[in-house]
Amino acid sequence: MVGVVGLEVHAQIQSTSKLFSGSHVRFLAPPNSLVSHFDASLPGTLPVLNRRCVEAAVLTGLALNCTINRKSLFDRKHYFYADMPAGYQITQQRVPIAVNGMLVYSHFEGRRRNQVVTKSVKIKQIQLEQDSGKSLHDDEQSQTLIDLNRAEGQLRVDANVSVHRPGEPLGVRTEVKNINSVRHLAKAIDYEIQRQMEVLQSAGKVLNETRAFDSKSGNTIPMRDKEGLQDYRFMPEPNLPPLFVYKSEASVPAGVDPAQVVVIDRLSAQLPELPSVKRTRLVETYGILQEHSFTLVNEDGLMDYFENVVQTTKAEPRKVIGWVIKELMGNLNSQNLKVSQSPISPCALAELINLAESGHISSSTAKQVFQEMWKAPEKTVGQIVKEQDLWMINDKEELQKICRRIVDSHPEEVNPNKVLNKLMGEVQRETKGRTDPVQVRAILEKMVS
Amino acid sequence: MSAPSAAFRPAAAMLSLSIREVSQALRDGRVSATELCRKCIDQIQRTHYLNAFITITGETAMEQAQRADNRIRTGKPLGPLDGIPFSVKDNFCTENIKTTCASKMLKGYVPPFSATVVQKLLDQGAVLVGKTNLDEFAMGAGSTDGVFGPIRNPWSYTTLYREQSTEDPDSDWAISGGSSGGSAAAVAALSSFLALGSDTGGSTRNPGSLCGVVALKPTYGLLSRHGLIPLVNSMDVPGIMTRSVHDAATVLRILQGRDERDSTTVQAPSTPPSLPEHFDIRDICVGIPKEYHAPGLSTDTLAQWSRVAAMFEQAGARVQEVSLPHTQHSIVCYHVLCCCEVASNMARFDGLEYGHRSTIDSSTDAMYATTRHEGFNNVVRRRILSGNYFLLKSNYERYFVKAQQMRRLITEDLKNVFRSGIDVLLTPTTLSDAARYTDFIQEDNRTRSAQEDVFTQPVNMAGLPAVTVPTALSRRGLPISLQLIGQTLQDWKLLTVAHWMEQQVNFPMIHLHGDSDERKLDRLVRERTHTIGS
């Protein structure tokens with residue numbers, strides 16, 4: 001038996017006003033301060049479609065390789081819940097704006113998670129729909145508080161899970177809600193697949209129900225208020241005529257102002273460079289590893305940061321990528337910072353890399369300096385190196401002197417290889433890492449042999 | 001509730017004028033807007049027992065009238081409606097004025113905005129005198145099922161009717177028709193020159209017909225529904241009631257047009273400033289649908305239908321029988337689709353955001369259920385239950401989709417007839433003159449609606465314009481009217497033909513029963529003012 005999973009992703013469109021009403025959208029506004037007459041479901045109010053939202057939906061459809069439906073329809077989905085004041089949600093059930101897309105993605109496998117496996121997932125449809133309000137349950141006072149602003153800016157996911165034997169018809173599916181992170185999503189799906197298999201194996205039946213994911217236990221539990229079959233009594237939305245989008249300016253019918261309609265070709269031209277194209281470009285241009293291209297593209301601003309440094313420094317991109325992926329991202333992640341909040345600018349990092357490349361500081365010193373720069377972003381690279389006297393020791397005579405000193409203080413060692421590593425370690429310690437290991441090794445080898 | 005057994009004075013000459021005439025009188029200075037407003041409000045009080053009004057907006061009306069006077073006096077009237085008193089059915093939102101839909105669910109609800117069509121009239125300087133009574137949430141064909149009680153037909157209080165009635169006027173009064181009964185009664189009783197109603201299955205034309213006024217249902221999408229509390233979104237239309245076709249045309253011209261707040265509105269066709277002075281009826285072809293010889297059609301109404309058809313023919317118009325083969329299925333499909341949309345539209349009434357809220361608060365569900373049970377009458381509840389049943393996944397194809405398909409066929413029937421060269425259809429509006437209230441309530445709302453809507457609802461299914469014009473009085477002294485149906489967006493042509501028809505039939509003016517004992521009347525009216533009402 002295998003599991004079959006479908007994801008329902010809810011993504012809020014970035015627009016200044018809502019999908020069907022003119023009221024504004026703003027993060028963190030006081031509760032119920034952005035509610036128009038329509039949002040409050042006052043009787044006699046009617047929905048008016050937001051053009052920017054339609055364009056966003058078409059762009060999303062194009063980016064996900066969907067077929068854009070030239071004509072799509074709106075429906076009412078009925079259920080009673082305090083956060084849905086009209087008693088129904090306006091959505092696109094029958095004929096949504098985009099269908100039959102595909103998303104190609106890469107999955108990293110292998111022990112070091114660096115083996116790229118390419119997979120694809122079908123996008124069944126993309127539909128425009130109204131967001132519900134927010135409800136806050138106050139169990140102590142047995143009351144629920146409702147905020148109808150609807151400006152949460154989140155990405156939400158529900159998982160639909162069923163199990164079956166390949167070749168046989170699909171099994172009964174359950175819907176799992178209350179999943180708040182990708183990690184929880186994986187856990188919820190795994191649990192649910194397991195649960196359903198166990199039910200079937202013990203000759204039970206899987207119920208078509210909605211379940212909630214409980215992050216504490218990692219289990220899914222049936223949702224109390226969604227018992228029995230939920231029949232949404234879908235009905236066409238009579239207040240919104242069919243939505244037409246046009247392929248090109250030429251296909252806009254006579255008498256209709258092209259500036260007033262949504263034209264697919266116009267939007268295609270506005271599509272930014274898609275991630276897969278970006279990644280390929282990065283690998284080809286800079287010769288970096290595929291897995292690194294993913295990190296660069298997935299982290300906001302990181303690609304620009306990287307390209308900036310590459311342009312400013314003399315070092316090879318393959319050297320730069322190490323700094324960016326390990327040192328920079330390491331620090332950013334541990335402090336939960338975004339790339340834009342990095343205390344070290346691309347310029348500064350480029351300077352540091354240049355110093356290491358030109359041999360003015362050793363590579364281990366450079367790492368040290370990086371951390372100092374992080375703590376004191378107002379200081380330049382030069383200042384820090386100077387203050388802490390971290391210049392590389394390049395003077396051959398000086399190096400000979402140091403090595404001689406170390407060798408002389410360790411006369412008892414016999415095994416040449418072991419001795420060499422130990423002595424090198426001593427030299428590094430003595431010079432606080434300000435030596436080039438290659439040079440030191442050469443000198444010591446001569447002395448010891 | 002009983003009417004004064006005697007007196008009131010014959011309607012003042014000014015009140016029985018048409019909008020065109022009284023507008024001229026205002027401009028000539030023969031009457032002022034404030035005087036006119038005062039007269040209308042007095043008339044409302046005088047005819048209070050008709051129960052046509054839920055709210056009388058006396059104070060704001062006088063303020064509006066005052067401003068109109070200022071404009072008219074300085075020779076700057078806003079247009080043909082400046083200073084004209086009008087009333088609005090209480091399912092249209094009016095800013096800061098209670099809007100109840102004659103339901104407990106919205107008792108005391110005050111909207112923060114006005115419906116587009118109401119605002120347009122106010123912007124033209126018209127004076128809002130009150131909100132009129134209706135069937136609860138516009139569901140009904142008699143205006144007998146609202147929380148504020150039934151509405152009485154003003155024609156039950158004419159000398160003619162009183163003379164042939166042997167009973168106490170208090171028990172022998174006729175219904176006004178519905179659901180826009182209050183608006184029709186207000187215009188018929190001369191307490192407004194114009195009233196807005198709503199028409200979903202005939203709710204403007206039915207009471208218009210029974211109360212002997214002109215009632216126009218424009219093409220769907222021509223008038224904005226923003227602010228009209230919906231019954232069936234795909235069929236609702238704001239309706240215009242006046243005492244002459246010319247007046248209705250004047251109002252249509254002002255109200256029609258695209259509203260960006262209502263996505264179902266369309267651009268109005270270009271319209272001349274008034275109906276044509278000279279019009280040759282011989283250019284017109286009138287269709288008589290044979291399926292409209294419905295069971296229950298009264299002999300009086302049939303006689304009028306024949307009379308007017310003959311009138312067209314004698315004047316040189318072509319009159320021919322046509323067929324609308326799917327007519328018999330229309331009422332059932334209308335009922336299914338109506339219930340479905342009602343179930344959906346009523347889902348927002350839960351007591352949470354506005355309106356009546358039950359005191360039960362043990363859980364949200366319990367609060368919803370009790371609120372809705374308490375707030376809605378059984379007509380509304382019945383339609384909600386039916387609608388939810390039809391919309392169930394397992395029933396959707398069989399009921400909703402089937403009804404929509406039949407709706408398409410009915411629309412095609414009408415399109416085909418018009419395509420074959422017919423300009424307008426001539427049909428009865430209602431089966432007979434207004435029934436006595438005591439007779440009407442022998443059957444329930446659903447049955448009555450099914451019977452009464454026979455001639456009117458196919459028009460709503462197809463979105464066409466239609467107008468009812470009173471033609472004569474029945475043997476009982478009550479109005480009989482006929483309906484003209486036009487092609488989509490040909491409202492102006494429809495009214496042109498209706499205007500011609502109106503001029504031929506010479507329908508009489510109303511004369512409410514008079515008596516010399518005016519003091520007795522005044523006392524009775526005052527007593528009534530204290531006992532009737534919310």
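Lettering of chains follows the sequences in order, A, B, ..., and the numbering in each one begins at 1.
Between B/Pro230 and A/Gly44, the shortest heavy-atom distance links the atoms CD-N, 4.0 Å. Residue B/Tyr354 comes nearest to A/Ala40 through the heavy atom pair CE2-O, 3.6 Å, listed as atom of the first residue, atom of the second, then distance. Smallest separation of non-hydrogen atoms from A/Arg76 and B/Asn345: NH1-OD1, 2.9 Å. Residues A/Phe80 and B/Ala347 come closest through the heavy atom pair CE2-O, 3.4 Å. The two residues A/Val48 and B/Glu260 make their nearest non-hydrogen contact at CG2-O, 3.4 Å. Residues B/Leu391 and A/Asp231 share a closest heavy-atom pair of O-OD1, 4.3 Å.
Side chains of A/Arg233 and B/Asn388 form a contact here, defined as non-hydrogen atoms less than 4.5 Å apart. Contact check for A/Pro238 versus B/Glu341: side-chain heavy atoms found under the 4.5 Å cut-off. Residues B/Lys393 and A/Phe234 have side chains not in contact (no heavy-atom distance under 4.5 Å, counting atoms from C-beta outward).
Both the backbone and the side chain of B/Asp262 come within less than 4.5 Å of a heavy atom of chain A.
Interatomic distance, B/Leu228 CG to A/Thr45 OG1, rounded to the nearest 0.5 Å: 11.5 Å. For the atom pair CG of A/Asn239 and OG of B/Ser234, the computed distance is 9.0 Å after rounding to the nearest 0.5 Å. For the atom pair A/Ile146 CD1 and B/Leu352 CG, the distance stands at 6.5 Å (nearest 0.5 Å).
When the candidates A/Pro47, A/Gly87, A/Pro241, A/Ser41 are compared by the number of heavy-atom contacts under 4.5 Å with chain B, A/Ser41 comes out ahead. With chain A as the partner, the residue from B/Arg225, B/Met346, B/Gln404 showing the most heavy-atom pairs under 4.5 Å is B/Arg225. Taking chain A as the reference chain and counting heavy-atom pairs below 4.5 Å, the highest number among B/Phe92, B/Phe349, B/Tyr368, B/Tyr396 is found for B/Tyr368.
Dense packing is recorded around CZ of B/Arg381, with more than 12 heavy atoms of other residues, nucleotides or ligands lying under 6.0 Å away. Annotation for B/Gln267: atom CD does not count as buried by contact number, only 12 or fewer foreign heavy atoms lying within 6.0 Å. Annotation: B/Arg372, atom CZ; neighbour count of heavy atoms from other residues, nucleotides and ligands within 6.0 Å is above 12. Atom NE2 of B/His373 has 12 or fewer heavy atoms from other residues, nucleotides or ligands within 6.0 Å. The local environment of CZ in B/Arg382 is sparse, with at most 12 non-hydrogen atoms from other residues, nucleotides or ligands closer than 6.0 Å. Counting heavy atoms of neighbouring residues, nucleotides and ligands inside a 6.0 Å radius, atom NZ of B/Lys402 does not exceed 12 of them.
Side chains of B/Ser344 and A/His78: a donor on one and an acceptor on the other come within 3.5 Å.
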Return all side-chain donor-acceptor pairs below 3.5 angstrom for residues 108-117 of chain B, not counting sequence neighbours, or 'none' if the list is empty.
unit_1	atom_1	unit_2	atom_2	d
B/Ser114	OG	B/Glu95	N	2.8
B/Thr116	OG1	B/Asp259	OD2	2.6

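Contacts of B/Asp145 classified as side chain to side chain donor-acceptor pair (under 3.5 Å), with partners at least two apart in sequence or in another chain: B/Asn445.
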Yes or no on side-chain contact (heavy atoms from CB on, under 4.5 Å) for A/Leu46 and B/Thr264, after CA distance, side-chain angles and deciding distance?
CA-CA 10 Å; A/Leu46 301 167; B/Thr264 60; 5.7 Å; no
